[in-house]
Structures are given as C-alpha cells and as structure tokens.
Amino acid sequence: MFASLCLRLPLLVVSLGVASALALAVPQPSPVTVALTSRRVSREEAALVRRAPARNNLPKQVPLDNIFEGTDLQWVGEIKVGTPPQSFRVIFDTGSPALLLPSTECTSTCTTQRRFDPSKSSSYVGGTRVSIYGFFTGGGVTPIYGDTSMVTVHNATETISIGGLSVKKAAVFFITEQTPLFAANPFDGIQGLSSDASGFMKGAIEQGLAPLFSMYFTPKSVGNANMLLGGIDRSKFRGDLWYASLPTDVDLSGLWALFPTGLKVNGAAVPNKDAMIIIDSGTSNVVLSTAETEAIYAKITPEIKPNPALPGTYGIPCASLRKIRSAEITFTFPSQSGRPFDLTIPSRELSVGPFKGNPELCQTLINADDRFSILGASLLKHYYTVYDMGAKRIGFAPNGV
Ligand SMILES: *[C@@H]1O[C@H](CO)[C@@H](O)[C@H](O)[C@H]1NC(C)=O
C-alpha cells in the first residue's frame, strides 16, 4: 500500500511530509565479522553480513500467507502486540512507514477486524497525536484510491513481536476510525517497513539485527512464502542478487523507490518518463503515468481501453484475453555494478480478473496515475527481494520456484 497523510492535498506531496515526521536515523553499523558457512559468498554479500553486530542477530523467519481472491497478489503474516501478546494479521508493506492496527477504541467502523485492547496490556503507552492516513492500493482486482480508503489513528508505544523477535516501546498507531473500504480488507492492519528503519525495525536493529529484510512471495498453490528479518536466504532464488541503489538526490522520506532507465513490451522499447517508481510489497497492481500506461497497452492490443466506471483503470473484454497472452512488460534498472538489469512481469499477470459488477470486462494490470508510479506484487512475486536499509539499496533475483 502506498500511504499518505491526508486531506485533499496531492497524495505524494503529503506522503513525503508524513514520512519525514516518522523518519528515524539508522544507527551506525559497527564492522564485526560474522562466521559464514562454506558456500561461496559474493563480496557484496560478505560486506552485508559483516555489518551486523555479532550478538542477538540471527535472521528471523516470518511465514506469510497468500490471500487468494482470484489473484495471488497479497501476503499477510502474524504480528504480536502487547503484554500478554495479542495477535494480528498484517500486510508487511514497503510502501508505508508505520504500524497501523485497529483498537477497541474503534467501535463502529472496525467490527470486521481483530482489534487491539489496550486495557488488557501492561506495556501499552497511549499518546494523543491524531493523524489521518489515506491509502492507495490495488487490493484484489478493485483499485482503492486515497479519498476512499482512510484511517484515523493516534500514536502509542507497545511491545511488538514479529518472527519471535520482540521489541519494547516500538511506535504503533492505533486506528480509531476507518472508511468502509479499509474495513473490507481481509487483514487486520499494516506493518509499514520504511527505508529509514522506524518502529519495530528500528528497535530490532538496535538489538543487533542486520539492517535488512527479504521478501519471498509465492502463489498460494506453492506456499512457503516468507519474510526474513535480518537475512538473505539463498535457497529461495536463482543466480546472484542484482542491487540497485536508492536514489540519493531526492527526499525518499522512508519510501523504497528506484528510477527505471527503460521500459519494454516484448523487448520493444516504450518511452519511459524517467520517473521514480515505488517498490511496494503492499500493492498488487502496477501504477504508471497515463502516457506510459497507454503506450504499453497500445503495443499489446487496441482492445485494452480505459474503464470510465473506475477512473485510472483499464480493461479488455474477457472474451479477448488471448490477445494479451504473450505480452511481457520489462523494467530496466541501473545496478550498483554499473550494468543494467531487467525485471519482467510475465504475461500471465496482465489480466487481474473481471471487474466487480462487470463480469464481461477483465481488468488489466497497469493503472494510470500521474502523481506517482508503483511496482507491486505482480512483479515482486517473481523475484526474491532484499530491502537493505544499511546499504540503502534493493536487491532482486529470480525466485527459485
Ligand atoms: C505521541 O506523539 C507526541 C507528539 O509527537 C509525542 O510527544 C508523544 O510522546 C507520543 N506518544 C507516544 C506514546 O509515543
């Protein structure tokens, strides 16, 4: 999901403001050598492992479950909050900065989700700062836009435990009110994972966890999807990781984002706006500028057209789906080694299923928006991804399934 503090201002602008308020410095890593197993390790990876202090830093597995609602595009895992712990299912979201959970203070609009009860936790410290977040996402096949998917929260600190790793006094935001579209989510809350390491990750890194996490998104039929906190699992991908540096000349304010240098459909170049693209584990669809979206679709088939019922979305008659069966979309990024690398969305991701209320019209993957660009799960499910806060970079390698 791509989150921003609302109201009424353009999403990205506001989002940058919010995220910087939450941004926290990454502690300086101390160079301590950690024993490596006998497999060959690239120099880049060896440097990465060395950055972790030698105590209390074993990587933590977090099993993920795919929410399959016609498409394999959203993964959730467990998080425990409070003393004694209360459990929740959350999206681990590289597109937003903070942990948001419904609380029992949310009486009328949070009834479909598990709610945190502060009166049952001895470690709860409530704050009074109220914020309103707007979310942008493409959950399932229905894209949700900022104005319609909003939550009101207040700040607090709590003991948070993820993958068996517990952090005391971590920042959390409790939802006191939410819009119906947010309440419809098949999960309780969102654990934002910003590139600035805030909240749980900040505390975990201070306790010695290596400052990175990896995502392995597999379809429900394959299973074993997981997030690895503080580590990289080489058995989950093929070849070496390609690393792209986070841009340093823009204020990322906690986002994970890159500048693609090329865009292709079946190998043929499409004009690339050269805009920053958010790498977002909590969004299912792809969002590009209107010009890029329409240039891509024009190269595939003129039968893909805007769907005026849901502005920004496009569809193709489901009867014509065979016309998009062989269209792959490729993004090129500059790597740290100087050589560019390609990330490809296979053609089977291009249709995300019929629009709700219009079974004849199938939604196509890319939504258009001229305010920001997002690469979501339809790409990330094909790559093992490493989000490295310490070295300010993202690594990609093809999934080993
Ligand atoms: C909530 O935010 C306010 C204002 O930023 C801050 O002073 C307070 O310490 C926070 N409370 C908690 C419990 O984090």
Side-chain angles (χ1 to χ4, degrees), residues 1-9 11-27 79-88 90-107 109-110 113-135 146 150-162 165-179 182 188-207 209 211 213 229 251-255 282 389:
M1 303 218 176
F2 171 44
S4 65
L5 262 207
C6 280
L7 293 157
R8 276 185 278 277
L9 290 166
L11 277 175
L12 188 59
V13 173
V14 190
S15 154
L16 293 176
V18 181
S20 21
L22 297 169
L24 294 156
V26 176
I79 175 168
K80 292 182 173 151
V81 181
T83 312
Q86 302 175 35
S87 284
F88 300 90
V90 296
I91 296 269
F92 291 101
D93 183 16
T94 60
S96 65
L99 172 58
L100 308 186
L101 283 176
S103 95
T104 49
E105 299 154 89
C106 181
T107 47
T109 52
C110 299
Q113 273 130 336
R114 261 182 272 187
R115 288 175 294 169
F116 176 78
D117 186 346
S119 72
K120 298 206 168 105
S121 172
S122 61
S123 45
Y124 172 80
V125 180
T128 50
R129 181 156 55 94
V130 173
S131 321
I132 300 173
Y133 282 87
F135 278 85
M150 294 196 328
V151 293
T152 306
V153 298
H154 71 79
N155 68 335
T157 62
E158 253 299 6
T159 300
I160 312 281
S161 171
I162 306 177
L165 181 64
S166 190
V167 170
K168 293 198 170 88
K169 299 196 176 92
V172 38
F173 293 82
F174 286 111
I175 298 170
T176 52
E177 215 179 310
Q178 61 186 0
T179 51
F182 206 88
D188 305 312
I190 296 166
Q191 170 67 73
L193 293 162
S194 77
S195 59
D196 290 323
S198 56
F200 171 85
M201 278 309 282
K202 176 175 183 277
I205 293 165
E206 283 166 2
Q207 288 178 33
L209 191 80
F213 59 92
L229 299 176
D251 179 9
L252 282 180
S253 300
L255 289 173
M389 300 153 185

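We count ligands from 1, going down the list as the structure has it; atoms in each ligand are counted the same way. Heavy atoms only: backbone and side chains are in, while hydrogens, waters and symmetry mates are out. All residue numbers in this chain count up from 1 along the given sequence.
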* Residue G127 vicinity, atoms of ligand 1 by number, heavy atom under 4.0 Å -> 11 (N), 13 (C)
* Angle class for the F174/F116 ring planes (parallel below 30°, perpendicular above 60°, tilted otherwise)? -> parallel
* **Main-chain N/O of T109 paired with Q178 side-chain donor or acceptor, under 3.5 Å** => yes
* Asked: Between M389 and I205, does a side chain to side chain contact (heavy atoms under 4.5 Å, CB included) hold up when you go through it step by step?
  -> CA-CA 10 Å; M389 300 153 185; I205 293 165; 3.8 Å; yes
* When you measure from atom 13 (C) of ligand 1 to each heavy atom in V130, T128, V125, which option holds the nearest one? -> V125
* Asked: Within a reach of under 6.0 Å around CD of Q86, are more than 12 heavy atoms found that belong to other residues, nucleotides or ligands?
  -> yes
* Is there at least one protein heavy-atom neighbour under 4.0 Å from atom 7 (O) of ligand 1? -> no
* Structure fact -> re atom 4 (C) of ligand 1, the protein heavy-atom contact at minimum distance is R129 NE, 3.6 Å
* **Heavy-atom nearest option to atom 11 (N) of ligand 1, drawn from N155, V172, T157** => N155
* **Between S253 and D251, a side-chain donor and acceptor under 3.5 Å** => yes
* If you count the atoms of ligand 1 from 1 in the order shown, which ones are under 4.0 Å from a heavy atom of A156? -> 13 (C)
